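First up is the structure itself, then whatever we jot down about it.
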2 protein chains.
Amino acid sequence: METELTERQKLVLALVIRDYIETAQPVGSVSLVERYKLDFSSATVRNDMVTLTELDYLRQPHTSAGRVPTEEGYRYFVRQLMGHTDLPAPTKRTIIHQFYQAGVDVDRWMHLAASVLAHQAQAASLITAPHPERVVFKHLELIRTHGRQVLMVLVLSGGEVNQQMLSLAEPVSQDQLSAVAQRINQNCAGLAVTAIEGLKQPSDALEQDILKLVTTEMQRSIRVVAGELYRDGLTHVLAEPEFGERAFARRALRLLEERPLLEDLLSRTVLTDDPGGVQVLIGGEGTWEELRECSVVLARYGAPGLATGTLGVLGPMRMPYGRTISTVRFMAGLLSDLVEDMLTED
Amino acid sequence: METELTERQKLVLALVIRDYIETAQPVGSVSLVERYKLDFSSATVRNDMVTLTELDYLRQPHTSAGRVPTEEGYRYFVRQLMGHTDLPAPTKRTIIHQFYQAGVDVDRWMHLAASVLAHQAQAASLITAPHPERVVFKHLELIRTHGRQVLMVLVLSGGEVNQQMLSLAEPVSQDQLSAVAQRINQNCAGLAVTAIEGLKQPSDALEQDILKLVTTEMQRSIRVVAGELYRDGLTHVLAEPEFGERAFARRALRLLEERPLLEDLLSRTVLTDDPGGVQVLIGGEGTWEELRECSVVLARYGAPGLATGTLGVLGPMRMPYGRTISTVRFMAGLLSDLVEDMLTED
DNA sequence: AATTAGCACTCTCGCATCGAGAGTGCTAAA
DNA sequence: TTTAGCACTCTCGATGCGAGAGTGCTAATT
């Protein structure tokens, strides 16, 4: 088990990680005692280091170089050693300030959140828009725009709005459209997707088509990763020295750019619904080759059971976990409040 | 003037550029004659090269290395030497095929277009959504979503749709909202923004607020760079050898990531309204430090005077201009057709 | 007058060598 | 159990050197 470490060994591990995070250089026994004014000698540190190396918490790039944390080392650190840190109050105020001067547009909120997160964590950020977990039909509008083009605006529970353009087979007047919309609104208000599908279908062909589209959209909206994806700060990861090898940097950025990869990552990461819960993925966890040198800090936000989204940060494995985790946690809280606000008095 | 080049010198310049684009290596006189089986000697090529170097079309990284094109060299090449190329028919078919299997959602069209463009050009692509140049009010919907939150859906000419969330001071019923929307729709249909502002204002406070918002949105929508920005293929630029220096890559990607920079670029680039016209910006043109090693190929698309957008590609200066330009031109044509379709029978 | 062969010269790049520095592991003493 | 001492290892930067590629110049050729 993990409790076989002495207190001093834990301290050494923590300091090595801390130093390496700062300097990005392998850290040796002598420089460690000097730097942190330890009251035991470098030889002692060396002995502890061999133990830690045998346990696969540390690694040496080559004989006679300093030690570097392994993935396991980081994991142990995050789990046991790090302790809970919280964002300093002034930082919190700064974030809140930046945040609340946006308008009321959800889209802008998300952009801003991504930007703030990326800036604070000095890493790439990603956020999925909040989306309802149980979708209920609220309102439908059909608006004729040009020719046979019709705009369908579908409002679902949780404030989610889908809009989509349709091309009808033949021109229809706005009045006809309004009539269809009205009928559907009366019949379906408050129904979940299954209930709508079970509804006795009316004979009107247009109405039937529209209903089909509505249920399709509702189903699409129920998937885990739905809605828009917001990213920011991609260039931050280029600044890190571990990405001197461009191939690394490309792989990491590709993950953020290609949606299927990202959805895979988000969906395969079982996220607790616990709003304070922040997940830390270190070094791809053996599953994602693209993340070999990276870590991801993820959190779910929103109102559990009603509407949730995901937000996270991607950075180098050598990442200030304490700070990053508390930033992510704090932002998740902020966004949860926002969702809460949107849902009040439903 | 530029006609002081002999035919052979033009040929040499063209070949040097062509070779450099392929190999990314400085090209020397001997390898040039060998590679392209020229019927004059390397010494002759050398003589031409000194001329071209004096004219600032070529440059040598250091004495006794091969020649490399300068920005001026590329410009001359694009302007005079390149000749009009067109995309091969099979490629066109492929693109069209990929393209037309998207749905009818404008948002998805744009995403897809960015993706196709990035893939074809093997570079970073960017597209701005089409937006009307003369905005006319068409339709307004007000939908109560949650609590005092109201969704405003504003349909403008050209099929542009704005949606925005409002927080009202106090709760209003859906019926009241519909009534207000109906009144506004009747009064404002077909009016431009100025006409609406000149309208005698009704006494209803809510209606007045909404009208204010409507005109604000219409004004926002009229700006040159408006609406959503679509990007793709950012990682392609990392693959190019010139970005071995990470600082370069970062600067270039920053330009694409930070909206203000990008808007500056797009707005300061005077784009001809000519739909076939493709603009080529080589090496930042002395204005954009971020683009020192890059070139940008831009085109306007859409229906001039009605609704237009911009699309473009960012890649290394060492870029296959012929292919890229024809790809951009072709995509601009496709998107123009799309806009055309949306506008038919307005 | 334009082109070409020949040649000396220059500069980069890859490779090997070498010494300094940092760090380790081991052993013996405290 | 901790620590001092020491021999050993390995990287890294500097230095030197030779091969290769390319240039510029001059003189001969067409």
Side-chain angles (χ1 to χ4, degrees), chain A residues 4-13 15-20 22-70 73 241-242 244-245, chain B residues 4-13 15-20 22-70 73 241-242 244-245:
Chain A
E4 58 199 358
L5 289 189
T6 69
E7 284 308 310
R8 200 188 49 219
Q9 285 167 339
K10 289 182 186 174
L11 177 62
V12 169
L13 177 55
L15 287 182
V16 168
I17 291 183
R18 178 169 149 190
D19 202 67
Y20 183 67
E22 264 183 44
T23 65
Q25 298 290 331
V27 15
S29 53
V30 267
S31 57
L32 197 75
V33 291
E34 272 179 12
R35 191 135 196 250
Y36 299 99
K37 312 223 181 302
L38 301 183
D39 49 359
F40 37 86
S41 80
S42 66
T44 312
V45 173
R46 276 201 292 282
N47 286 331
D48 286 345
M49 277 176 163
V50 296
T51 315
L52 291 168
T53 306
E54 279 163 0
L55 289 171
D56 192 31
Y57 292 151
L58 293 181
R59 185 174 55 87
Q60 22 191 347
H62 39 263
T63 331
S64 134
R67 300 305 211 285
V68 162
T70 64
E242 32 266 274
E245 219 37 64
Chain B
E4 58 199 359
L5 289 189
T6 70
E7 284 308 309
R8 199 188 50 218
Q9 285 167 337
K10 290 181 188 174
L11 177 62
V12 169
L13 177 55
L15 287 182
V16 168
I17 291 182
R18 178 170 149 188
D19 202 68
Y20 184 68
E22 266 183 43
T23 65
Q25 298 290 331
V27 15
S29 53
V30 267
S31 56
L32 198 74
V33 291
E34 271 177 12
R35 190 135 194 249
Y36 299 98
K37 313 224 180 302
L38 302 182
D39 51 357
F40 38 86
S41 80
S42 66
T44 312
V45 172
R46 276 201 291 283
N47 286 330
D48 286 344
M49 277 177 163
V50 296
T51 314
L52 291 168
T53 306
E54 279 164 1
L55 287 172
D56 192 31
Y57 292 150
L58 293 181
R59 186 173 55 86
Q60 21 192 348
H62 38 263
T63 332
S64 136
R67 299 307 212 284
V68 161
T70 63
E242 32 265 273
E245 218 38 65

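Source: prediction; values computed, not measured. First the proteins, then the strands, lettered A, B, ... as listed; each starts at 1.
- For the segment residues 48-55 of chain B, residues with any heavy atom less than 4.0 angstrom from an atom of DNA chain D are, sorted by number, M49(B), V50(B).
- Along DNA chain C, the nucleotide nearest to R67(A) and the one nearest to T63(B) differ in position, and the one closer to the 5' end is contacted by T63(B).
- Taking each heavy atom of V16(A) and M49(A) in turn, the nearest pair found is CG2-CE, 4.1 Å.
- Within the model, atoms NZ of K10(B) and CG of L52(B) stand 11.5 Å from one another, a figure rounded to the nearest 0.5 Å.
- Partner T70(A) forms a side chain to side chain contact (heavy atoms under 4.5 Å, CB included) with one of L55(A), D56(A), T53(A) and no other, that one being D56(A).
- Looking at L11(A) and F40(A), their side chains come closer than 4.5 Å, going by heavy atoms from C-beta outward.
- L5(A) places a side-chain heavy atom less than 4.5 Å from the side chain of Y57(A).
- Distance check: R8(A) CZ to L38(A) CG gives 10.0 Å after rounding to the nearest 0.5 Å.
- Of the residues in residues 30-47 of chain A, V30(A), S31(A), R46(A) come within less than 4.0 Å of DNA chain C through at least one heavy atom, sorted by number.
- Read 5' to 3', the first and last nucleotides of DNA chain D with an atom closer than 4.0 Å to a heavy atom of chain A are dT2(D) to dT11(D).
- Closest approach of P61(B) to V68(B), counting heavy atoms only: CG-CG2, 4.0 Å.
- For the pair R35(A)/R18(A), no side-chain contact is recorded, criterion being any heavy-atom separation below 4.5 Å from C-beta on.
- Residues Y20(A) and Q25(A) approach most closely at CD1-O, 3.1 Å, considering heavy atoms.
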query = Going through the distances and angles, do S29(A) and R46(A) end up as a side-chain hydrogen bond (donor to acceptor under 3.5 Å, both in side chains)?
reply = CA-CA 6 Å; S29(A) 53; R46(A) 276 201 292 282; 3.2 Å; yes
